[in-house]
Structure formats: structure tokens, C-alpha cells
Amino acid sequence: MQNISALFPKLTYERRRELLTLPCRGTADALLDTDTFNEIDDQFALAFAVLSPEVLNLKAVLAAPFYNSRSSGPADGMEKSYGEILNVLKLLNKPADDFVFHGSTSYLQDAVTPVESDAARRIVVLAREAKAHGRVLYILAIAAITNVASALLMAPDIIDSVVVVWLGGHAFHTVPNTEFNLHQDVPASQVIFESGVPLILIPCCGVAELLMITLPELQRRCEKCGRLGEFLYRRTSDYLNGDPCIQKVIWDIATVACFAAPEAVHSELISAPILNDDSSWTTTGNRHEIRLVNYLKRGMVFDSLFRKLETSVGE
């Protein structure tokens with residue numbers, strides 16, 4: 001692994017502890033980095049974030065790259081995600097101008113060279129604005145972490161004015177650790193763990209997988225959520241081919257829940273693990289601290305989500 005840490009300033013112990021406090025006080029300045037077309041959970045997370053203005057001052061939404069059967073490559077995945085962001089915002093009556101930004105068209109070639117994009121540049125601008133006003137920018141990341149890592153490499157000084165809240169990787173005991181967000185861009189993921197940027201990590205298997213729902217439950221809960229609820233239900237039903245027995249995890253809402261339903265989020269401060277080149281973890285006891293979410297109360301998270309979705313009716 002390249003010596004990534006040498007590129008970044010060091011945070012004091014006290015400043016890191018301050019930035020890693022959950023729940024944060026007041027309304028948090030935030031942006032959402034999302035591969036919205038990848039499956040169907042990002043759409044829920046985007047709506048959840050927009051409909052939570054009392055806790056999130058959402059300043060931007062960034063389209064992230066992805067590559068699987070739903071795209072022809074990272075650039076195509078990013079473009080499709082950009083379009084899906086617009087679809088959700090239209091249902092929310094939320095203007096997209098100067099709010100939605102195109103992200104990376106490729107993954108990092110190594111852990112020291114950024115991929116420049118409108119999204120990465122926007123992160124830098126918003127982070128520096130936050131610092132100038134004595135505030136913190138929370139980056140809710142629910143995709144490959146390319147845009148965020150690129151911004152950090154472009155402007156290492158911003159690590160003292162941002163907190164990354166990332167749904168990435170699996171619980172440390174899980175083998176293999178080939179979770180989609182992390183494994184797509186391992187060099188970018190290594191930047192997040194080696195830069196020292198304040199990190200709130202939400203593992204997928206072992207933690208976020210608690211957020212399962214079936215189509216019958218989703219249909220019942222979306223009935224009061226108007227056109228947005230109908231859209232989210234239809235997207236999910238199409239993704240699952242209408243199978244009522246599948247338990248689908250709505251992974252990405254876990255990041256928003258840290259702010260909108262903090263009583264449902266259990267976490268602890270730990271020494272940052274090392275992410276190896278093969279995506280495996282090496283746990284440690286002598287590195288900088290991160291905050292690890294280790295449990296979510298499913299019912300509280302979903303109740304908060306659907307209360308917010310119901311507020312979209314008639315808006």
C-alpha cells in the first residue's frame with residue numbers, strides 16, 4: 001500500500017473526538033454521494049435526506065460511479081445515477097440546479113491520484129465554505145467512495161472540516177470483505193482509512209443488513225406516501241420481479257438515520273482498521289480513531305423513514 005497518510009495533515013486527538021460525536025448538535029450541513037441507479041435503496045435514502053431539513057441542511061447531491069449488470073461501466077453508471085437523482089427530486093419538487101453534480105467517470109488508478117469531477121470539486125468548495133463559517137460538512141456516502149477520496153486528494157486540508165459517514169465494507173469478521181461499495185474502488189477506500197479523515201463507518205453485512213423489508217410490508221407502508229411512495233414501491237417491485245417473499249435490505253437509509261433517528265443507531269469509537277489490497281481487514285489497536293456503527297434498531301429507522309415520506313404527500 002502506498003504511503004497515503006503522509007499526504008494529509010494530522011488532526012489532534014481532541015478535534016477528532018469532537019468531529020466524531022454522534023448525534024451531532026443542531027442541523028448538520030451535508031451532501032449525499034450516491035449511485036442512485038445501482039439498485040433501489042439509494043432512492044429511499046435520497047428522499048429521506050431531503051425530507052429531514054430539521055436535522056440535515058442538504059447542500060448537494062453527487063452522482064457516483066458504479067459498474068455491474070445495470071451499467072456498461074463506471075461512467076455509464078454515474079450518468080444513470082445522475083438521471084435517477086433527477087427523477088426522485090422531481091417527485092419531491094426539489095430544484096436540481098446547482099444542487100446535483102456529475103461525479104467520477106472512472107475509479108482511482110492508485111491511492112494518490114484523484115479523478116477530477118464536478119462532484120469532487122463541489123466537495124472541496126463546500127468543505128472550505130463550512131470551515132470559513134466554523135461549521136462541519138457531513139458527507140453521507142452510499143456508493144463507491146471515488147468522489148470523496150478524489151476530493152480529499154485534491155485538497156488534503158479539508159480533513160479538519162468534514163466527516164465522512166460511509167456505508168462501506170462488511171463487519172470485520174466477515175470473509176470475504178468484497179462488499180460492493182468498498183470493493184469497486186479499493187484505492188479510494190484505502191484513502192478513507194489512511195488519510196485520517198474523520199469517519200463514521202456503517203458496515204453492510206453484520207449491521208445495515210438489519211434493514212430488511214418485504215414487498216407486502218413496503219406496499220402497506222407506502223400507501224400513505226403519495227406519488228413518491230408509489231414510485232419507490234414500483235422501483236422495488238420491479239427490482240425484485242414482484243416476489244413477495246424476498247427480504248430486501250434498504251441499506252443506504254442507515255446513513256441518514258444517524259441524524260434523523262439517532263436513538264436507533266448504536267456505535268463506538270475504535271482504532272481504524274487497515275484495508276489491505278485484497279479488500280481484507282487487519283484490525284488494530286494503535287491507529288487513529290473512527291466511529292463504528294455496530295447495531296441499528298430496524299423498527300425505529302423504518303418508522304422515521306416512512307413518517308418523512310408521508311410528509312411528501314401534497315407538497
Side-chain angles (χ1 to χ4, degrees), residues 28-39 41-50 52 56-67 70-71 73-90 92 94-108 114-130 136-155 158-159 161-168 180-182 184-185 188-189 191-192 195 197 199-200 202 251-256 258-259:
D29 292 343
L31 59 80
L32 185 68
D33 186 67
T34 165
D35 56 353
T36 325
F37 195 80
N38 169 38
E39 50 165 305
D41 52 331
D42 295 72
Q43 292 90 328
F44 285 87
L46 174 55
F48 197 9
V50 171
S52 301
L56 289 175
N57 177 22
L58 194 63
K59 290 181 167 291
V61 181
L62 316 178
F66 76 89
Y67 179 31
R70 292 169 66 86
S71 73
D76 180 56
M78 185 277 293
E79 287 290 350
K80 287 178 174 175
S81 293
Y82 184 91
E84 185 73 343
I85 292 166
L86 300 184
N87 290 336
V88 175
L89 293 181
K90 184 176 181 180
L92 289 162
K94 177 73 173 178
D97 292 346
D98 202 33
F99 185 66
V100 184
F101 296 86
H102 288 88
S104 304
T105 57
S106 65
Y107 302 128
L108 266 61
V115 177
E116 294 220 12
S117 66
D118 290 344
R121 286 186 285 270
R122 192 59 178 170
I123 292 172
V124 174
V125 168
L126 291 176
R128 288 179 171 161
E129 285 181 359
V136 176
L137 178 68
Y138 289 84
I139 302 171
L140 280 58
I142 52 177
I145 203 74
T146 312
N147 293 333
V148 181
S150 293
L152 293 171
L153 290 169
M154 290 161 55
I158 68 173
I159 71 164
S161 55
V162 300
V163 176
V164 178
V165 185
W166 186 35
L167 184 98
F180 188 66
N181 291 347
L182 180 150
Q184 285 184 94
D185 194 342
S189 302
V191 171
I192 300 305
S195 64
V197 67
L199 172 65
I200 298 170
I202 307 174
W251 311 92
D252 294 334
I253 60 174
T255 56
V256 184
C258 289
F259 303 86

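- In this structure, the side chain of Trp166 does not engage the main chain of Ala144 through any donor-acceptor pair within 3.5 Å.
- A heavy-atom distance below 4.5 Å is not found between the side chains of Ser71 and Asp35.
- In this structure, the side chains of Asp29 and Val136 stay at 4.5 Å or more apart for every pair of heavy atoms.
- For the pair Val61/Arg122, no side-chain contact is recorded, criterion being any heavy-atom separation below 4.5 Å from C-beta on.
- Of the possible donor and acceptor atoms, none in the side chain of Thr36 sits under 3.5 Å from a partner among the backbone N and O of Glu84.
- For the residue pair Tyr107/Gln184, the side-chain donor-acceptor check at 3.5 Å is satisfied.
- Residues Ser81 and Asn38 are not in side-chain contact: their nearest non-hydrogen atoms beyond the backbone lie 4.5 Å or more apart.
- Contact of the Asp185 side chain with the Ile145 side chain is not registered, since no non-hydrogen atoms from C-beta on lie closer than 4.5 Å.
- Atom CG of Asp42 sits about 8.5 Å away from atom CD1 of Ile85, to the nearest 0.5 Å.
- Val162 pairs in a side-chain contact (heavy atoms from CB on, under 4.5 Å) with only one of the listed residues (Leu137, Leu126, Leu31, Leu199), which is Leu137.
- Listed by chain and number, the residues in a ring pair (Phe, Tyr, Trp, His ring centres under 6.0 Å) with Phe44 amount to none (sequence neighbours excluded).
- The side-chain contact (heavy atoms from CB on, under 4.5 Å) test with Leu46 singles out one residue from Val256, Asp252, Leu32, Thr34, and that residue is Leu32.
- Qualifying ring pair (Phe, Tyr, Trp, His ring centres under 6.0 Å) partners for Phe259, counting only residues two or more places apart in sequence or in other chains: Tyr138.
- For the side-chain contact (heavy atoms from CB on, under 4.5 Å) test with Asp33, the passing option among Leu140, Val164, Leu62, Thr255 is Leu62; the others fail.
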